[in-house]
Amino acid sequence: MTPLGSMQWRDLLFAHYPVAPDRLRPHLPDAATLDTFDGQAWLGVVSLTMDDVRPRFAPFGRTFPQVNLRTYVTVDGDPGVYFLSMDADERLAVTAGRRTLGIPYYRAEASVRRDGTDVRFESERIRAGEPDARFRATYGPNGSLESVEPGSFEAFAIDRYRFYLPGRSALYTGVVDHDPWRLRTAAATVDENTLFAAADIGRPAAEPHLHVAPPRAVTLGNVGRRPIRASPINEPVRV
């Protein structure tokens, strides 16, 4: 893969909520087949610091907090992460993504504070005319650092390297590359989370699966555009 950009992910929280597949299918293009694990679809809230984000050959990068709402799909045989929304405290990237591609990228006021191994993350969407979207949580590890086992939930929901972004009449896709995941189970206090309502998805009833991860260097490549087309069947891929 020829890298098109690089960054480092820090302060990572993965909060995964099980939901009935029928609640998510209406939010996906026909080209995307919803993936399930243990008979459930999964909504992931992922908060992080995007550190030193720089396109290839850029002399310096930009650093900003971001929170993503995502689920898991397969498109033309390629499994990946499907982003329902991304909220970032980064004017240039958000403006470019929305105006150029029409992707669900939103400007937010956000902050990250660290206290030992704990992270305090706060984000509030500030784009006028958009649904209210806030995420405020404190989180930290409560388990040992473990590799991701094949066939596990962590492999299903976290160990994915292709992503899909809905845009104007197309799915934009790319691949991230980094060292294999090592994760810790986590404890989190979520004071506010309106991301589900902002995406017009009801709040899941079950408690989330929580994980945190150490920082990791990431490269981005294989970026492309897949025209949205209808699929005759949109049944979930079961794992």
Side-chain angles (χ1 to χ4, degrees), residues 7-19 24 34-38 40-51 64-73 79-88 104 108 110 112-114 117-123 133-165 175-196 198-199 201 203-218 220 239:
M7 66 201 77
Q8 190 168 78
W9 294 341
R10 295 182 176 274
D11 309 311
L12 279 152
L13 170 70
F14 297 94
H16 283 103
Y17 300 77
V19 296
L24 285 183
L34 183 64
D35 292 350
T36 65
F37 188 91
D38 284 345
Q40 298 287 327
W42 293 81
L43 277 170
V45 176
V46 181
S47 58
L48 73 162
T49 299
M50 305 277 283
D51 188 29
F64 49 92
Q66 181 165 308
V67 60
N68 305 323
L69 181 64
R70 69 192 209 178
T71 191
Y72 306 101
V73 303
V81 171
Y82 182 91
F83 288 98
L84 296 158
S85 67
M86 303 182 299
D87 288 70
V112 176
R113 299 191 301 275
R114 304 175 188 90
T117 60
D118 286 343
V119 173
R120 176 65 179 177
F121 187 100
E122 299 187 359
S123 175
R134 297 185 301 276
F135 182 73
R136 295 185 174 92
T138 301
Y139 50 89
N142 68 358
S144 58
L145 192 62
E146 302 286 350
S147 299
V148 173
E149 295 296 328
S152 65
F153 173 77
E154 293 79 6
F156 166 84
I158 299 174
D159 197 30
R160 293 188 178 224
Y161 296 85
R162 179 170 292 279
F163 64 86
Y164 299 101
L165 276 166
V175 174
V176 294
D177 186 40
H178 53 71
D179 289 340
W181 284 108
R182 301 191 72 201
L183 304 169
R184 297 179 189 269
T185 56
T189 300
V190 179
D191 299 309
E192 193 169 22
N193 179 5
T194 63
L195 297 174
F196 304 124
I201 300 170
R203 181 176 178 82
E207 292 299 312
H209 294 197
L210 300 169
H211 297 85
V212 294
R216 64 198 43 250
V218 179
L220 169 68
V239 178

Tell me, with the steps shown, if Ile158 and Val148 meet side chain to side chain contact (heavy atoms under 4.5 Å, CB included).
CA-CA 9 Å; Ile158 299 174; Val148 173; 5.7 Å; no
Atom CZ of Arg216 and atom CD of Gln8: how far apart are they, to the nearest 0.5 Å?
9.5 Å
Step by step, would you call Leu12 with Arg10 a side chain to side chain contact (heavy atoms under 4.5 Å, CB included)?
CA-CA 5 Å; Leu12 279 152; Arg10 295 182 176 274; over 6 Å; no
Mind telling me whether Tyr72 and His16 have parallel, tilted or perpendicular rings, with 30° and 60° as the class edges?
tilted
Could you report the tightest heavy-atom contact between Pro104 and Leu165, atom names first, then the distance?
CD-CD2, 4.4 Å
To the nearest 0.5 Å, how far apart are NE2 in His178 and CG in Leu220?
11.5 Å
Run the ring-centre check on Phe156 versus Phe37 and record whether the distance is less than 6.0 Å.
yes
To the nearest 0.5 Å, atom OG of Ser85 lies from atom CZ of Arg70 at 12.0 Å
Is the gap between the ring centers of Trp181 and Phe14 under 6.0 Å?
yes
Begin with the C-alpha distance, continue with both residues' side-chain angles, and end with the deciding distance and a verdict on side chain to side chain contact (heavy atoms under 4.5 Å, CB included) for Tyr164 and Val73.
CA-CA 9 Å; Tyr164 299 101; Val73 303; 3.8 Å; yes
For Arg160 and Val176: C-alpha separation, side-chain torsions, deciding distance, then whether side chain to side chain contact (heavy atoms under 4.5 Å, CB included) applies.
CA-CA 9 Å; Arg160 293 188 178 224; Val176 294; over 6 Å; no
Looking at the rings of Tyr17 and His209, which for Trp means the six-membered one, are their centres under 6.0 Å apart?
no
With Arg162, which residues qualify under side-chain hydrogen bond (donor to acceptor under 3.5 Å, both in side chains), at least two apart?
Thr173
Tell me, which pairs form a side chain to side chain donor-acceptor pair (under 3.5 Å) where one or both residues lie in residues 134-143, sequence neighbours left out?
Ser47-Tyr139, Arg120-Thr138, Glu124-Arg136, Asp132-Arg134, Arg134-Glu192, Arg136-Glu192, Asn142-Thr185
Measure the spacing between CG of Leu145 and CZ of Arg182 and express it to the nearest 0.5 Å.
4.0 Å
If you look at every heavy atom in Leu69 and Ala199, which pair is closest and at what distance?
CD2-CB, 3.7 Å
Report the distance from atom CG of Leu24 to atom CD of Gln40, rounding to the nearest 0.5 Å.
10.0 Å
Distance only, no hydrogens: is a donor on one side chain within 3.5 Å (strictly under) of an acceptor on the other, for Thr49 and Asp11?
yes
Rounded distance [0.5 Å steps], CG in Leu43 versus CG in Leu84:
6.5 Å
Tell me every residue that passes ring pair (Phe, Tyr, Trp, His ring centres under 6.0 Å) with Phe135, counting only those two or more places apart in sequence or in another chain.
none
So do the side chains of Leu13 and Val46 get within less than 4.5 Å of each other, counting heavy atoms only?
no
